[in-house]
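A quick write-up on the structure given underneath.
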2 protein chains.
Amino acid sequence: MKLGEGVEHAIHSVTLLAALQPGRVLPAAALAEFHGVSPSYLLKHLQALSGAGILATVPGPNGGYRLAKSTDKVTLLDIVLAVEGAQPAFRCTEIRQRGPNPIGGVPTAPCEINAAMLKAERAYRTELAKVRIADILGELDSNDEDGRIDARRCAFFEVRERRQALS
Amino acid sequence: MKLGEGVEHAIHSVTLLAALQPGRVLPAAALAEFHGVSPSYLLKHLQALSGAGILATVPGPNGGYRLAKSTDKVTLLDIVLAVEGAQPAFRCTEIRQRGPNPIGGVPTAPCEINAAMLKAERAYRTELAKVRIADILGELDSNDEDGRIDARRCAFFEVRERRQALS
DNA sequence: GATTTTGTACTCGGATAGGAAGTGTCCGAGTACACATGG
DNA sequence: CCATGTGTACTCGGACACTTCCTATCCGAGTACAAAATC
């Protein structure tokens, strides 16, 4: 039971991109610099998010990443699944069928242990699916009474954001 | 988000040991043979379960493993934590404090993302804590209408179980 | 001066090394039984 | 025949290699802008 470090990077990156104004993008290098992580490595996860349809990319100079959906259409579950993969954490290998005396012949009833583990994971994913990026942003602004965090973001955007050419 | 294969081995082993009659133990080699897995590797996880107080060990000839608690006192969560470790799956490294412009000075408010991830994992663990080994055994017996699974277990016990010397 | 052409700089994208953790295996410490030995 | 001592075989326990996945990095493909050359 362990999640990769990339999940944290991905969520924070999406949250930062969600604060961008429409028509603006942010290069991966800027995201990496803002969070103090390796640009090359962050790029890998951003590609995963892009492949999952969460982020959209703009190539070339003045290019970068932006959200592909509205902030209330992206949940934490979407990000986790995009980065970690969609396969369940517990994978039943049917070890009851192995060994010297398997339950051969009978129509295999579902493994009770597997069912219980999957049910728990379903609860986990349901909880993650409840949290939208919009909610995260809302809580973040609520805790930012004096507007310092918002000011910090704006100052960073002023320097690193790229205005996308109107198509 | 991935659980080791040892979790499955551990749960199945505990379930099998739960079907033992009182005063009987089963060697690790027998558990491994029954499940068709490597004895040496299974032993590692059995030791973890023993260290967590879930299993009790009896050394020497006619020794082996048995449950240390009642079947309704052991949950799936206990086993998962014993094998995988108790640390949470998502570990916040506070990357918002890193980078060129951290949120220095202010008393650090808790990270909203970390809070959401931990809440989801709490739901996961709560669900696992609901399932006791006794429940698993009950479901297993319910699905075993003709008693074939029970007969298989008994036949195996007949050969491999060890009667513990009365102390 | 306007248009076309060319060059450059910047972006993302996928393929490539390094390291940590899980997986699998081995040998040593300890104990109970069985047997041989002595009373 | 019974008690005692000794040996052996079996168990768990922790220390040691191997494989896989995550982490980190590099170089190449593509694009938009800018400048220069041409009409």
Side-chain angles (χ1 to χ4, degrees), chain A residues 1-10 13 17 24-33 35-52 55-66 68 83-85 87 89 91 93 95 160-167, chain B residues 1-10 13 17 24-33 35-52 55-66 68 80 83-85 87 89-91 93 95 160-167:
Chain A
M1 188 70 184
K2 219 186 64 174
L3 266 69
E5 207 169 321
V7 176
E8 186 183 7
H9 301 170
S13 295
L17 288 174
R24 310 283 175 92
V25 298
L26 212 56
L31 284 163
E33 178 190 342
H35 293 120
V37 298
S38 166
S40 310
Y41 184 41
L42 180 62
L43 199 48
K44 168 170 293 208
H45 298 302
L46 293 177
Q47 288 171 17
L49 293 172
S50 173
L55 297 184
T57 66
V58 177
N62 291 358
Y65 287 93
R66 64 173 173 83
V83 174
E84 290 280 321
Q87 63 180 345
R91 297 175 303 288
T93 60
I95 66 176
R160 299 293 255 140
E161 80 176 357
R162 301 277 184 266
R163 288 158 194 80
Q164 200 173 350
L166 30 80
S167 58
Chain B
M1 188 69 183
K2 219 188 62 175
L3 266 70
E5 207 170 321
V7 176
E8 186 183 8
H9 300 172
S13 296
L17 288 175
R24 310 283 175 92
V25 298
L26 212 56
L31 284 162
E33 179 190 343
H35 293 118
V37 299
S38 167
S40 310
Y41 186 42
L42 180 62
L43 199 47
K44 168 171 295 208
H45 298 301
L46 294 177
Q47 288 172 16
L49 293 172
S50 173
L55 297 185
T57 65
V58 176
N62 292 359
Y65 287 93
R66 63 172 175 82
V80 171
V83 174
E84 290 280 320
Q87 62 180 346
F90 183 84
R91 295 176 304 287
T93 60
I95 65 176
R160 299 292 257 140
E161 79 177 356
R162 302 276 183 267
R163 288 159 195 79
Q164 200 172 353
L166 28 83
S167 56

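We name chains A, B, ... by the order of the sequence lines, and we start the count at 1 in each one.
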Select base, sugar-phosphate, or nothing to describe what [X] touches, counting heavy atoms under 4.0 Å on all strands.
X     : value
B:S38 : sugar-phosphate
B:L43 : base
B:A28 : sugar-phosphate

- Message: For A:G60 and B:E84, find the nucleotide of DNA chain C closest to each by heavy atoms; which residue's nucleotide sits nearer the 5' end?
- Response: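 Its nearest nucleotide lies further toward 5', so the answer is A:G60.
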Atom [atom1] of [X] to atom [atom2] of [N]: distance rounded to whole Å?
X      : N      : atom1 : atom2 : value
A:R162 : C:dA9  : CZ    : P     : 15 Å
A:H9   : D:dA24 : NE2   : P     : 7 Å
B:K2   : D:dC22 : NZ    : C1'   : 9 Å
B:Y41  : C:dA21 : OH    : C1'   : 10 Å
B:L17  : D:dC12 : CG    : P     : 11 Å
B:R91  : C:dA20 : CZ    : P     : 15 Å
A:R160 : C:dC10 : CZ    : P     : 11 Å
B:Q47  : C:dG28 : CD    : C1'   : 13 Å

- Message: Starting the side chain at C-beta, find the nucleotide from D:dC33, D:dC22, C:dG13 nearest to A:N62.
- Response: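 That would be D:dC33.
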- Side chain of A:P27 (C-beta onward), nearest among C:dC12, D:dG13, C:dC10: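 Among the listed nucleotides, the one closest to the side chain of A:P27 is C:dC12.
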- Query: Does the base of C:dG14 carry an N or O that pairs as donor and acceptor with the side chain of A:K44 under 3.5 Å?
  - Reply: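 Under the 3.5 Å cut-off, the side chain and the base do not form any donor-acceptor pair.
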- On DNA chain D, check which nucleotide each of B:S40 and A:P59 is closest to and give me the residue with the more 5' one.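 Going by which nucleotide is closer to the 5' end, it is B:S40.
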- Query: Which comes earlier along DNA chain D counting from the 5' end, the contact point of A:P61 or that of A:L42, where each point is its nearest nucleotide?
  - Reply: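 Nearest-nucleotide comparison on DNA chain D picks A:L42.
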- Just checking, any donor-acceptor pair under 3.5 angstrom between side chains of A:E8 and B:T93?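 The criterion, which ignores hydrogens and geometry beyond distance, is satisfied for B:T93 and A:E8.
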- Query: Looking at A:E33, A:E161, A:R162, which one forms a side chain to side chain contact (heavy atoms under 4.5 Å, CB included) with A:P27?
  - Reply: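 Filter result, single survivor: A:R162.
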- Item | Test item: A:L46 and A:T57 side chains (from C-beta on) under 4.5 Å apart, heavy atoms |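 With C-beta onward as the side chain, the pair stays apart.
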- Query: Got A:K2 and B:M1 here, is their nearest side-chain heavy-atom distance under 4.5 Å?
  - Reply: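 In short, these two side chains do not touch, never coming nearer than 4.5 Å.
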- Starting from the C-alpha separation in whole Å, work towards a yes-or-no answer on side chain to side chain contact (heavy atoms under 4.5 Å, CB included) for B:Q47 and B:L43. CA-CA 6 Å; B:Q47 288 172 16; B:L43 199 47; 3.7 Å; yes
- Task: Please determine if a side-chain N or O atom of B:T57 lies less than 4.0 Å away from the OP1 or OP2 oxygen of D:dT11.
- Result: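 Answer is no, no contact under 4.0 Å.
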